[in-house]
*Asks:* 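I have a structure here, written as structure tokens, and I will follow up with some questions on it.
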Amino acid sequence: MHDLKDLRKNLEKYKKKFSERNFDFKTDLFIDLDNKNRKLISEKENLEQEKKILSKSKEKKNFEKSKKISQKILAISNAQILSQKKLNKLLHIMPNLALDDVPIGKDEKSNKLIEKFGNIKKFPFKIKSHVELGSDEIDFDTSTKLSGSRFVVLKNKFALLERALINFMLDVHTIEFKYIEISPPLIVNEDVMFGTGQLPKFEEDQFEIKSESSDQKKYLIPTAEVVLTNLVRKSLIENEKLPKRFVASTPCFRKEAGSYGKDTKGMIRQHQFYKVELVSVVEPKDTYTELDRMLNCAKKILEKLEIPFQIILLSSGDMGFSAEKTYDIEAWIPSENKYREISSCSSCGTFQARRMGTKYKSKKGKEFVCTLNGSGLAVGRLMISLLENNQNEDGSVTIPKALKKYMNNLDKI
């Protein structure tokens, strides 16, 4: 969310920056809604002041006058609540602004390649996809009977591989990089979803939990970013307690609205998948150093597993709603002969902190923190890349050295 005072003062700047995010900022509508709302607030405050003065008088006529003013205040308050809702409806769907070093463009065509790592193997045999390598132990037929399309049942050594990857990544991030491991709830309320920017704009992508007993909607988390970032919601953090760094492994649940027809085969795009998520909460001055640190933490996983990958700086039109700058890490998928996203590491500036009401004590007083998030990594896509990059001609898969102790010291599966 943006600073309303700054938005009022710099309308043309925001209009330009919003256009870079593919958001049509209707300035006339904003000005009209904002002016009407401010007028109602002013009228209400003036009447409250008038009532306060009258309340000091003991004259009977002033008592009647005060009663009429109270009725006016109530009517204006109700009108202002409706007015604020209309204004919020616009404010809450405004995306974060891209930083100046972010490439300007409408979509992924304007993304910028930063660097490549690792050597792509040349296989002397016909490559198999992860679906073929998994045979009946990466089981889509059974999952379709259980849940429908875009789910999977993993069996035997492939279930072990999923667990091994999660434990390996958690150990790297907690032991080497000192993230604090969290085991969070998988169901959250709408305030929490609003805090990180999933609501209200992306409600159609979320799995809502139906409940008759709650006055608030509840949702399955689309990513652990939602709960990890909101661990500090509505709080004032002591300066010396920053930075805060959290990591969690959770299932993630997404409807993938708008993606039907894309990646329908295999495990690339699922309604339910595991992901190891990294979240940092920092002082504004440390934001971009922290983004580089987070990116390096995610990269280290692929380096240890010896999987080729590349780093992409996303364009203004390809970034997520809450991001001001995003790096994607894309792992090499041999069967597709291309790189596929396996992690996004994003700085959100103070955008989420404003939505959550999270500040820290600085030398200047109370200021909003900055938040960052990144996949460290997406487990399903990591498994796909690992299986395909380490396949052998007989259909077996060699276990990378760094992962063996997590796989009961198996050499192959």
Side-chain angles (χ1 to χ4, degrees), residues 130 133-134 137-139 143 150-187 220-229 231 245-254 266-280 294-307 309 329-331 333 340-345 373-390 397-410 412-413:
H130 67 283
L133 290 166
E137 294 190 337
I138 297 180
D139 187 350
S143 67
R150 296 184 188 269
F151 292 90
V152 66
V153 172
L154 298 177
K155 301 175 182 176
N156 198 12
K157 298 297 189 296
F158 293 90
L160 172 61
L161 177 60
E162 180 180 62
R163 176 161 53 93
L165 287 170
I166 291 170
N167 289 339
F168 164 68
M169 288 191 280
L170 286 174
D171 279 354
V172 171
H173 293 312
T174 56
I175 296 169
E176 287 193 35
F177 300 125
K178 308 305 179 186
Y179 283 86
I180 301 301
E181 185 175 354
I182 303 292
S183 178
L186 303 181
I187 297 173
L220 290 171
I221 60 168
T223 165
E225 172 205 341
V226 174
V227 271
L228 294 182
T229 309
L231 288 175
R245 298 186 179 109
F246 306 120
V247 62
S249 167
T250 66
C252 303
F253 305 91
R254 298 182 188 176
M267 292 167 54
I268 286 285
R269 197 179 296 273
Q270 301 276 281
H271 288 311
Q272 175 187 316
F273 57 94
Y274 277 94
K275 183 154 67 80
V276 173
E277 185 74 7
L278 308 172
V279 161
S280 296
M294 182 177 283
L295 182 65
N296 286 327
C297 293
K299 280 164 53 177
K300 185 61 71 174
I301 300 297
L302 292 168
E303 289 172 356
K304 286 177 178 287
L305 296 176
E306 301 179 66
I307 292 173
F309 64 97
I329 303 177
E330 298 179 342
I333 309 294
R340 296 295 297 255
E341 179 202 335
I342 200 168
S343 171
S344 284
C345 294
N373 63 80
S375 313
L377 307 159
V379 180
R381 292 192 177 193
L382 180 57
M383 185 187 296
I384 291 168
S385 188
L386 185 149
L387 289 171
E388 294 192 10
N389 279 287
N390 291 281
V397 175
T398 300
I399 302 301
K401 184 179 178 182
L403 200 63
K404 280 189 180 181
K405 73 173 183 178
Y406 298 90
M407 288 290 292
N408 300 328
N409 292 313
L410 288 175
K412 295 180 180 179
I413 58 173

*Asks:* Do you know which two heavy atoms are closest between Phe246 and Leu228, and how far apart they sit?
*Replies:*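 Closest approach of Phe246 to Leu228: CD1-O, 3.7 Å.
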
*Asks:* Side chain of Lys178, backbone of Ile175: donor and acceptor closer than 3.5 Å?
*Replies:*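 Yes, Lys178 side chain to Ile175 backbone: donor-acceptor pair under 3.5 Å.
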
*Asks:* Less than 4.5 Å apart, any side-chain heavy atom of Leu387 and any of Phe158?
*Replies:*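 A side-chain contact under 4.5 Å exists here.
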
*Asks:* As an exercise, state the distance from CZ of Arg150 to CD1 of Ile268, rounded to the nearest 0.5 Å.
*Replies:* 11.0 Å

*Asks:* Taking all non-hydrogen atoms of both residues, which atom of Glu225 and which atom of Val279 are closest, and how far apart?
*Replies:* CA-CG2, 4.0 Å

*Asks:* Can you see which heavy atom on Met267 is nearest to which on Leu154, and at what distance?
*Replies:*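 Reported closest heavy-atom pair: SD-CD2, 4.2 Å.
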
*Asks:* When rounded to the nearest 0.5 angstrom, what distance separates CD1 in Ile180 from OG1 in Thr174?
*Replies:*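 One finds 9.0 Å between CD1 of Ile180 and OG1 of Thr174.
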
*Asks:* Grab the two heavy atoms, one from Pro222 and one from Arg254, that are nearest each other, plus how far apart they are.
*Replies:*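 Closest heavy-atom pair between Pro222 and Arg254: O-NE, 2.8 Å.
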
*Asks:* Within a strict 4.5 Å, meaning less than it, do heavy atoms of the Val276 and Val247 side chains meet?
*Replies:*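 They are in contact (side-chain heavy atoms under 4.5 Å apart), so the answer is yes.
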
*Asks:* Could you give me the CA-CA distance, side-chain angles and deciding distance for Leu165 and Leu377, then say whether side chain to side chain contact (heavy atoms under 4.5 Å, CB included) is met?
*Replies:* CA-CA 9 Å; Leu165 287 170; Leu377 307 159; over 6 Å; no

*Asks:* Between Ser343 (side chain only) and Ser375 (backbone N and O only), is there a donor and an acceptor less than 3.5 Å apart?
*Replies:* yes

*Asks:* More than 12 heavy atoms of other residues, nucleotides or ligands under 6.0 Å from NZ of Lys405: is that the case?
*Replies:* no

*Asks:* Could you check whether any side-chain heavy atom of Met294 comes within less than 4.5 Å of a side-chain heavy atom of Tyr179, counting everything from C-beta outward?
*Replies:* yes

*Asks:* Which heavy-atom pair separates Gly376 from Ile301 by the least distance, and what is that distance?
*Replies:*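 Minimum heavy-atom contact is O-CG1, 3.9 Å.
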
*Asks:* Which pair of heavy atoms, one from Cys252 and one from Thr223, lies closest together, and at what distance?
*Replies:*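 That closest heavy-atom pairing would be SG-CA, 3.8 Å.
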
*Asks:* Determine whether Phe309 and Glu303 satisfy the following criterion, side chain to side chain contact (heavy atoms under 4.5 Å, CB included), listing intermediate values before the conclusion.
*Replies:* CA-CA 9 Å; Phe309 64 97; Glu303 289 172 356; 3.9 Å; yes

*Asks:* Testing Met169, Glu176, Lys401, Lys299 one by one against Lys304 for a side-chain contact (heavy atoms from CB on, under 4.5 Å), which residue passes?
*Replies:* Glu176

*Asks:* Hey, what do you get for OH (Tyr274) to OG1 (Thr250), rounding to the nearest 0.5 Å?
*Replies:* 8.5 Å

*Asks:* One pair to check against side chain to side chain contact (heavy atoms under 4.5 Å, CB included): Tyr406 and Ile399. What are the steps and the verdict?
*Replies:* CA-CA 10 Å; Tyr406 298 90; Ile399 302 301; over 6 Å; no

*Asks:* Using the six-membered ring wherever Trp is involved, compare the ring planes of His271 and Phe151 and label them parallel, tilted or perpendicular (cut-offs 30° and 60°).
*Replies:*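 Taking Phe151 first and then His271, their aromatic rings sit tilted (interplane angle of 30° to 60°).
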
*Asks:* To the nearest 0.5 Å, what is the distance between CG on Asn167 and CG on Leu403?
*Replies:* 9.5 Å

*Asks:* So, Glu137 side chain and Leu133 main chain: donor-acceptor pair closer than 3.5 Å or not?
*Replies:*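 Looks like no, no N/O pair under 3.5 Å.
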
*Asks:* From Thr398 OG1 over to Lys404 NZ, what is the distance, rounded to the nearest 0.5 angstrom?
*Replies:* 8.0 Å

*Asks:* Please round to the nearest 0.5 Å and tell me the distance separating atom CD1 of Ile342 and atom CD1 of Ile329.
*Replies:* 8.5 Å

*Asks:* Would you say that Leu160 contacts Asn156 through its side chain, given a criterion of any heavy-atom pair below 4.5 Å between the two side chains?
*Replies:* no

*Asks:* Under a 3.5 Å distance rule, please check whether Glu388 uses its side chain to pair with a backbone N or O of His130 as donor and acceptor.
*Replies:* yes

*Asks:* Run the side chain to side chain contact (heavy atoms under 4.5 Å, CB included) test on Arg245 and Leu278 for me, step by step, so that the C-alpha distance in whole Å, both residues' side-chain angles and the decisive distance to 0.1 Å come before the verdict.
*Replies:* CA-CA 7 Å; Arg245 298 186 179 109; Leu278 308 172; over 6 Å; no

